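These notes concern the structure reproduced below.
These numbers were taken from a predicted model, which means no experiment stands behind them. Throughout, a chain's letter reflects where its sequence line sits, starting with A, and its residues are numbered from 1.
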Number of protein chains: 2
Amino acid sequence: MRKHNSTNALNEQAILDQCGMAYTLSLIGGRWKPSILWALIRNDKVRYSHFKKVIPEISDRILALHLRELEADKLIRRVVYAEVPPRVEYELTDLGRSMEVMLEQMTTWGAFHKEAVKGSAT
Amino acid sequence: MRKHNSTNALNEQAILDQCGMAYTLSLIGGRWKPSILWALIRNDKVRYSHFKKVIPEISDRILALHLRELEADKLIRRVVYAEVPPRVEYELTDLGRSMEVMLEQMTTWGAFHKEAVKGSAT
DNA sequence: TTAGCCACTAACAAAAATGTAAGTCATGCG
DNA sequence: CGCATGACTTACATTTTTGTTAGTGGCTAA
(Lines give C-alpha, C1' and ligand atoms only; values in the text may rest on other atoms or scores of the structure.)
Protein backbone atom coordinates (compact mmCIF):
# COMPACT_ATOMS: atom_id res chain seq x y z
CA MET A 1 0.00 0.00 0.00
CA ARG A 2 1.21 3.37 -0.98
CA LYS A 3 1.66 6.30 1.30
CA HIS A 4 -0.51 9.16 0.27
CA ASN A 5 1.51 12.03 1.56
CA SER A 6 5.11 11.31 0.79
CA THR A 7 6.75 13.92 -1.40
CA ASN A 8 7.03 11.24 -3.97
CA ALA A 9 3.34 10.47 -4.09
CA LEU A 10 2.34 14.12 -4.00
CA ASN A 11 4.62 14.91 -6.89
CA GLU A 12 3.24 12.09 -8.93
CA GLN A 13 -0.32 13.17 -8.29
CA ALA A 14 0.38 16.76 -9.23
CA ILE A 15 1.90 15.69 -12.52
CA LEU A 16 -0.95 13.39 -13.41
CA ASP A 17 -3.48 16.08 -12.72
CA GLN A 18 -2.06 18.57 -15.12
CA CYS A 19 -0.36 16.58 -17.85
CA GLY A 20 -2.33 14.30 -20.12
CA MET A 21 0.81 12.70 -21.36
CA ALA A 22 2.06 11.72 -17.93
CA TYR A 23 -1.40 10.49 -17.14
CA THR A 24 -1.37 8.26 -20.19
CA LEU A 25 2.01 6.92 -19.20
CA SER A 26 0.71 6.09 -15.77
CA LEU A 27 -1.99 3.92 -17.30
CA ILE A 28 0.15 1.87 -19.63
CA GLY A 29 3.48 2.15 -17.93
CA GLY A 30 3.98 -1.01 -15.96
CA ARG A 31 6.74 -3.36 -16.91
CA TRP A 32 4.41 -5.94 -18.46
CA LYS A 33 1.46 -3.84 -19.44
CA PRO A 34 2.58 -3.44 -23.02
CA SER A 35 2.79 -7.21 -23.36
CA ILE A 36 -0.60 -7.68 -21.78
CA LEU A 37 -2.15 -5.08 -24.02
CA TRP A 38 -0.59 -6.64 -27.10
CA ALA A 39 -1.99 -10.02 -26.22
CA LEU A 40 -5.44 -8.49 -25.92
CA ILE A 41 -5.21 -6.55 -29.14
CA ARG A 42 -4.30 -9.69 -30.99
CA ASN A 43 -6.60 -12.16 -29.33
CA ASP A 44 -9.85 -10.54 -28.33
CA LYS A 45 -10.41 -12.75 -25.29
CA VAL A 46 -7.54 -13.99 -23.20
CA ARG A 47 -7.57 -16.21 -20.16
CA TYR A 48 -5.28 -15.80 -17.19
CA SER A 49 -3.41 -18.97 -18.05
CA HIS A 50 -2.99 -17.84 -21.63
CA PHE A 51 -1.26 -14.69 -20.51
CA LYS A 52 1.18 -16.86 -18.65
CA LYS A 53 1.78 -18.88 -21.77
CA VAL A 54 2.52 -15.93 -24.03
CA ILE A 55 4.40 -14.00 -21.34
CA PRO A 56 6.26 -16.82 -19.62
CA GLU A 57 8.51 -14.68 -17.44
CA ILE A 58 5.75 -12.78 -15.72
CA SER A 59 5.00 -13.69 -12.13
CA ASP A 60 1.51 -14.42 -10.86
CA ARG A 61 1.69 -11.52 -8.53
CA ILE A 62 2.45 -8.93 -11.15
CA LEU A 63 0.13 -10.38 -13.73
CA ALA A 64 -2.79 -10.23 -11.32
CA LEU A 65 -1.75 -6.77 -10.17
CA HIS A 66 -1.47 -5.35 -13.66
CA LEU A 67 -4.74 -6.90 -14.70
CA ARG A 68 -6.49 -5.34 -11.73
CA GLU A 69 -5.01 -1.97 -12.50
CA LEU A 70 -6.01 -2.10 -16.13
CA GLU A 71 -9.47 -3.13 -15.06
CA ALA A 72 -9.71 -0.31 -12.53
CA ASP A 73 -8.73 2.07 -15.31
CA LYS A 74 -11.52 0.67 -17.48
CA LEU A 75 -9.19 -0.45 -20.21
CA ILE A 76 -10.03 -4.11 -19.86
CA ARG A 77 -12.99 -6.11 -18.64
CA ARG A 78 -12.90 -9.23 -16.52
CA VAL A 79 -15.48 -11.86 -17.34
CA VAL A 80 -15.93 -14.71 -14.90
CA TYR A 81 -17.65 -17.97 -15.73
CA ALA A 82 -19.06 -19.83 -12.77
CA GLU A 83 -17.39 -23.12 -13.50
CA VAL A 84 -15.05 -25.42 -11.70
CA PRO A 85 -12.22 -25.16 -12.26
CA PRO A 86 -12.82 -21.45 -12.73
CA ARG A 87 -12.62 -19.71 -16.06
CA VAL A 88 -11.87 -16.03 -16.38
CA GLU A 89 -11.52 -14.14 -19.61
CA TYR A 90 -10.14 -10.68 -20.17
CA GLU A 91 -10.97 -8.41 -23.06
CA LEU A 92 -10.48 -4.80 -24.05
CA THR A 93 -13.25 -2.37 -23.32
CA ASP A 94 -14.20 0.25 -25.89
CA LEU A 95 -11.96 2.62 -24.04
CA GLY A 96 -9.19 0.08 -24.24
CA ARG A 97 -9.68 -0.36 -27.94
CA SER A 98 -9.58 3.40 -28.36
CA MET A 99 -5.88 3.37 -27.61
CA GLU A 100 -4.89 0.94 -30.33
CA VAL A 101 -3.92 3.67 -32.76
CA MET A 102 -1.78 5.34 -30.17
CA LEU A 103 -0.11 2.11 -29.19
CA GLU A 104 0.69 1.33 -32.79
CA GLN A 105 2.23 4.71 -33.19
CA MET A 106 4.35 4.14 -30.15
CA THR A 107 5.48 0.83 -31.56
CA THR A 108 6.31 2.36 -34.89
CA TRP A 109 8.18 5.25 -33.42
CA GLY A 110 10.07 2.94 -31.09
CA ALA A 111 11.25 0.86 -34.02
CA PHE A 112 12.18 3.99 -35.91
CA HIS A 113 14.13 5.37 -32.99
CA LYS A 114 15.95 2.12 -32.43
CA GLU A 115 17.06 2.07 -36.05
CA ALA A 116 18.07 5.71 -36.00
CA VAL A 117 20.18 5.32 -32.90
CA LYS A 118 21.94 2.24 -34.09
CA GLY A 119 23.97 3.82 -36.82
CA SER A 120 24.22 7.57 -36.38
CA ALA A 121 26.36 10.11 -34.57
CA THR A 122 23.79 12.76 -33.74
CA MET B 1 24.44 1.48 -10.62
CA ARG B 2 22.17 -1.22 -11.79
CA LYS B 3 22.83 -4.88 -11.53
CA HIS B 4 22.92 -6.44 -14.91
CA ASN B 5 21.90 -9.93 -14.07
CA SER B 6 19.05 -9.66 -11.63
CA THR B 7 15.85 -11.28 -12.86
CA ASN B 8 14.39 -7.85 -12.86
CA ALA B 9 16.97 -6.37 -15.19
CA LEU B 10 16.97 -9.38 -17.47
CA ASN B 11 13.22 -9.26 -17.83
CA GLU B 12 13.30 -5.60 -18.65
CA GLN B 13 15.96 -6.08 -21.28
CA ALA B 14 14.09 -8.94 -22.91
CA ILE B 15 10.95 -6.87 -23.19
CA LEU B 16 12.74 -3.86 -24.62
CA ASP B 17 14.41 -6.01 -27.22
CA GLN B 18 11.25 -7.39 -28.69
CA CYS B 19 8.57 -4.79 -28.09
CA GLY B 20 8.79 -1.38 -29.71
CA MET B 21 6.09 -0.07 -27.47
CA ALA B 22 7.86 -1.01 -24.26
CA TYR B 23 11.03 0.40 -25.72
CA THR B 24 9.31 3.73 -26.37
CA LEU B 25 7.98 3.75 -22.84
CA SER B 26 11.44 3.20 -21.51
CA LEU B 27 12.65 6.33 -23.28
CA ILE B 28 9.96 8.71 -22.13
CA GLY B 29 8.86 7.01 -18.95
CA GLY B 30 10.56 8.78 -16.09
CA ARG B 31 8.49 10.67 -13.60
CA TRP B 32 9.47 14.09 -14.92
CA LYS B 33 10.35 13.31 -18.50
CA PRO B 34 6.99 14.35 -19.85
CA SER B 35 7.37 17.74 -18.20
CA ILE B 36 10.89 18.13 -19.50
CA LEU B 37 9.84 17.20 -22.99
CA TRP B 38 6.92 19.61 -22.89
CA ALA B 39 9.16 22.44 -21.88
CA LEU B 40 11.42 21.68 -24.83
CA ILE B 41 8.59 21.39 -27.30
CA ARG B 42 7.29 24.75 -26.27
CA ASN B 43 10.52 26.64 -25.87
CA ASP B 44 13.10 25.45 -28.32
CA LYS B 45 16.07 26.15 -26.06
CA VAL B 46 15.84 25.67 -22.34
CA ARG B 47 18.43 26.27 -19.67
CA TYR B 48 18.90 24.13 -16.61
CA SER B 49 17.64 26.88 -14.35
CA HIS B 50 14.61 27.41 -16.53
CA PHE B 51 13.60 23.80 -16.12
CA LYS B 52 13.69 24.36 -12.41
CA LYS B 53 11.48 27.38 -12.79
CA VAL B 54 8.80 25.65 -14.82
CA ILE B 55 9.05 22.39 -12.88
CA PRO B 56 9.58 23.69 -9.38
CA GLU B 57 9.16 20.39 -7.53
CA ILE B 58 11.85 18.53 -9.40
CA SER B 59 15.08 17.86 -7.54
CA ASP B 60 18.47 18.67 -8.99
CA ARG B 61 19.44 15.07 -8.89
CA ILE B 62 16.54 13.82 -10.96
CA LEU B 63 16.60 16.72 -13.35
CA ALA B 64 20.25 16.13 -14.15
CA LEU B 65 19.67 12.40 -14.35
CA HIS B 66 16.75 12.65 -16.72
CA LEU B 67 18.55 15.15 -18.88
CA ARG B 68 21.51 12.84 -19.17
CA GLU B 69 19.28 9.94 -20.10
CA LEU B 70 17.43 11.88 -22.74
CA GLU B 71 20.74 13.01 -24.10
CA ALA B 72 22.12 9.48 -24.17
CA ASP B 73 19.01 8.44 -26.07
CA LYS B 74 19.67 11.20 -28.61
CA LEU B 75 16.39 12.92 -27.96
CA ILE B 76 17.93 16.12 -26.70
CA ARG B 77 21.20 17.94 -27.21
CA ARG B 78 23.25 19.69 -24.57
CA VAL B 79 24.96 22.89 -25.65
CA VAL B 80 27.54 24.42 -23.36
CA TYR B 81 28.73 28.02 -23.60
CA ALA B 82 32.13 28.70 -22.13
CA GLU B 83 31.05 31.58 -19.94
CA VAL B 84 31.12 32.38 -16.28
CA PRO B 85 28.78 31.72 -14.69
CA PRO B 86 28.23 28.76 -16.97
CA ARG B 87 25.40 28.61 -19.45
CA VAL B 88 23.99 25.37 -20.73
CA GLU B 89 21.10 25.05 -23.10
CA TYR B 90 19.10 22.00 -23.98
CA GLU B 91 17.16 21.48 -27.17
CA LEU B 92 15.41 18.69 -29.00
CA THR B 93 17.34 16.83 -31.66
CA ASP B 94 15.65 15.90 -34.92
CA LEU B 95 14.96 12.55 -33.40
CA GLY B 96 13.44 14.26 -30.40
CA ARG B 97 11.26 16.40 -32.59
CA SER B 98 10.12 13.32 -34.45
CA MET B 99 8.16 12.25 -31.43
CA GLU B 100 6.06 15.36 -31.11
CA VAL B 101 3.13 13.89 -33.00
CA MET B 102 3.17 10.82 -30.84
CA LEU B 103 3.37 12.85 -27.65
CA GLU B 104 0.46 14.98 -28.71
CA GLN B 105 -1.56 11.91 -29.37
CA MET B 106 -0.74 10.60 -25.94
CA THR B 107 -1.83 13.89 -24.44
CA THR B 108 -5.06 13.90 -26.37
CA TRP B 109 -5.87 10.32 -25.56
CA GLY B 110 -5.05 10.91 -21.90
CA ALA B 111 -7.48 13.79 -21.73
CA PHE B 112 -10.09 11.75 -23.53
CA HIS B 113 -9.64 8.84 -21.17
CA LYS B 114 -9.81 11.04 -18.12
CA GLU B 115 -13.10 12.49 -19.30
CA ALA B 116 -14.50 9.10 -20.20
CA VAL B 117 -13.68 7.60 -16.84
CA LYS B 118 -15.08 10.48 -14.86
CA GLY B 119 -18.72 9.92 -15.62
CA SER B 120 -19.32 6.36 -16.75
CA ALA B 121 -19.97 2.97 -15.21
CA THR B 122 -18.32 0.67 -17.71
C1' DT C 1 37.82 38.92 0.96
C1' DT C 2 33.77 37.20 0.83
C1' DA C 3 29.55 36.22 -1.17
C1' DG C 4 26.90 34.94 -5.18
C1' DC C 5 26.03 32.88 -9.51
C1' DC C 6 24.97 28.53 -12.42
C1' DA C 7 24.95 23.90 -13.47
C1' DC C 8 25.72 20.42 -11.65
C1' DT C 9 27.53 15.88 -8.41
C1' DA C 10 28.04 12.72 -4.33
C1' DA C 11 26.44 10.31 -0.36
C1' DC C 12 22.76 8.82 1.76
C1' DA C 13 17.64 7.75 2.66
C1' DA C 14 13.02 6.69 1.47
C1' DA C 15 9.52 4.94 -1.38
C1' DA C 16 7.78 2.30 -5.17
C1' DA C 17 7.91 -1.54 -8.37
C1' DT C 18 8.97 -6.11 -9.22
C1' DG C 19 10.12 -10.95 -8.04
C1' DT C 20 9.75 -15.62 -5.18
C1' DA C 21 7.62 -19.08 -2.80
C1' DA C 22 3.94 -20.91 -0.84
C1' DG C 23 -0.83 -21.21 0.04
C1' DT C 24 -6.25 -20.78 -0.93
C1' DC C 25 -10.88 -22.13 -2.91
C1' DA C 26 -14.56 -25.26 -4.66
C1' DT C 27 -15.41 -29.32 -7.09
C1' DG C 28 -15.19 -33.53 -9.87
C1' DC C 29 -12.73 -37.77 -10.62
C1' DG C 30 -10.33 -42.07 -9.28
C1' DC D 1 -10.35 -39.82 0.86
C1' DG D 2 -6.79 -37.42 -1.80
C1' DC D 3 -5.33 -35.15 -5.72
C1' DA D 4 -5.70 -32.19 -9.77
C1' DT D 5 -7.51 -27.94 -11.79
C1' DG D 6 -7.35 -22.53 -12.72
C1' DA D 7 -7.08 -18.19 -11.06
C1' DC D 8 -5.63 -16.11 -8.03
C1' DT D 9 -3.55 -14.19 -2.69
C1' DT D 10 -0.31 -13.51 0.94
C1' DA D 11 4.02 -12.68 3.15
C1' DC D 12 8.37 -11.53 2.32
C1' DA D 13 12.79 -10.23 -0.32
C1' DT D 14 15.09 -7.71 -3.79
C1' DT D 15 15.76 -4.17 -7.17
C1' DT D 16 14.92 0.25 -9.06
C1' DT D 17 13.50 4.90 -8.83
C1' DT D 18 12.98 9.07 -6.60
C1' DG D 19 14.01 12.47 -3.01
C1' DT D 20 17.19 15.18 0.55
C1' DT D 21 21.10 17.53 1.86
C1' DA D 22 25.29 19.31 1.25
C1' DG D 23 28.69 20.22 -1.43
C1' DT D 24 32.02 21.72 -6.11
C1' DG D 25 34.36 25.07 -9.60
C1' DG D 26 35.68 29.32 -11.63
C1' DC D 27 34.87 33.94 -11.91
C1' DT D 28 33.00 38.51 -10.75
C1' DA D 29 30.82 42.24 -8.30
C1' DA D 30 30.61 44.40 -3.49
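Distances were taken from every side-chain heavy atom of A/Pro86 (C-beta onward) to each of D/dG19, D/dG25, D/dG6; the shortest belongs to D/dG6. Counting only heavy atoms from C-beta on, B/Val84 has its side chain closest to D/dG26 among D/dG26, C/dA7, C/dT9. Of the candidate nucleotides D/dG19, C/dC8, C/dC6, D/dG19 has the atom lying nearest to any side-chain atom of B/Trp32. Of the candidates C/dA7, D/dT18, D/dT5, the closest approach to any side-chain atom of B/Leu65 belongs to D/dT18. When distances are taken from the side chain of A/Arg31 to each of C/dT18, D/dC8, D/dT18, the shortest belongs to C/dT18. Closest to the A/His66 side chain, of the nucleotides D/dT9, D/dT18, C/dT18, is C/dT18. Distances from the side chain of B/Asp60 to the nucleotides C/dT9, D/dC8, D/dG26 place C/dT9 closest.
Across all strands shown, B/Phe51 has no heavy atoms under 4.0 Å from either base or sugar-phosphate atoms. Within the nucleic acid shown, A/Tyr81 has no heavy atom closer than 4.0 Å to any nucleic acid atom. Base contact: A/Ser59 has a heavy atom under 4.0 Å from a base atom. Using a 4.0 Å heavy-atom criterion, one finds that B/His50 contacts no nucleic acid atom at all.
Taking each heavy atom of A/Met99 and A/Ile28 in turn, the nearest pair found is SD-CG2, 4.1 Å. Smallest separation of non-hydrogen atoms from B/Leu70 and B/Leu27: CD2-O, 3.9 Å.
D/dA7 atom P lies 14 Å from atom CD1 of A/Ile76, rounded to whole Å. Between A/Leu63 atom CG and D/dT10 atom C1' there is a gap of 16 Å when expressed in whole angstrom units. With rounding to whole Å, A/Ile62 atom CD1 is found 5 Å from C/dT18 atom C1'. When the P atom of D/dG25 is taken as reference, atom OH of B/Tyr48 falls 17 Å away, rounded to whole Å. The interatomic distance linking A/Lys52 (NZ) with C/dT20 (C1') rounds to 12 Å, in whole Å. Regarding B/Arg61, its CZ atom lies at a distance of 15 Å from the P atom of C/dA15, rounded to whole Å. With rounding to whole Å, B/Ile36 atom CD1 is found 10 Å from D/dT18 atom P. Regarding A/Lys53, its NZ atom lies at a distance of 13 Å from the C1' atom of D/dT5, rounded to whole Å.
A cation-pi contact, defined as under 6.0 Å to the ring centre and within 45° of the axis, links B/Lys114 to A/Tyr23.
Contact annotation: A/Arg47 reaches the phosphate of D/dA7 (side-chain N/O to OP1 or OP2, under 4.0 Å). Remark: B/Arg87 is not in phosphate contact with C/dC5, judged by side-chain N or O atoms under 4.0 Å from OP1 or OP2.
In this structure, B/Thr107 contributes its side chain and A/Gly20 its backbone to no donor-acceptor pair below 3.5 Å.
Using a cutoff of 4.0 Å between basic side-chain nitrogens and carboxylate oxygens, A/Glu89 and A/Arg77 are not scored as salt-bridged.
Side-chain heavy-atom separations under 4.5 angstrom define the hydrophobic clusters, and B/Val84 shares its cluster with no other residue.
In terms of position along DNA chain D, the nucleotide closest to A/Ser49 lies nearer the 5' end than the nucleotide closest to the other residue of the pair A/Ser49 and B/Gly30.
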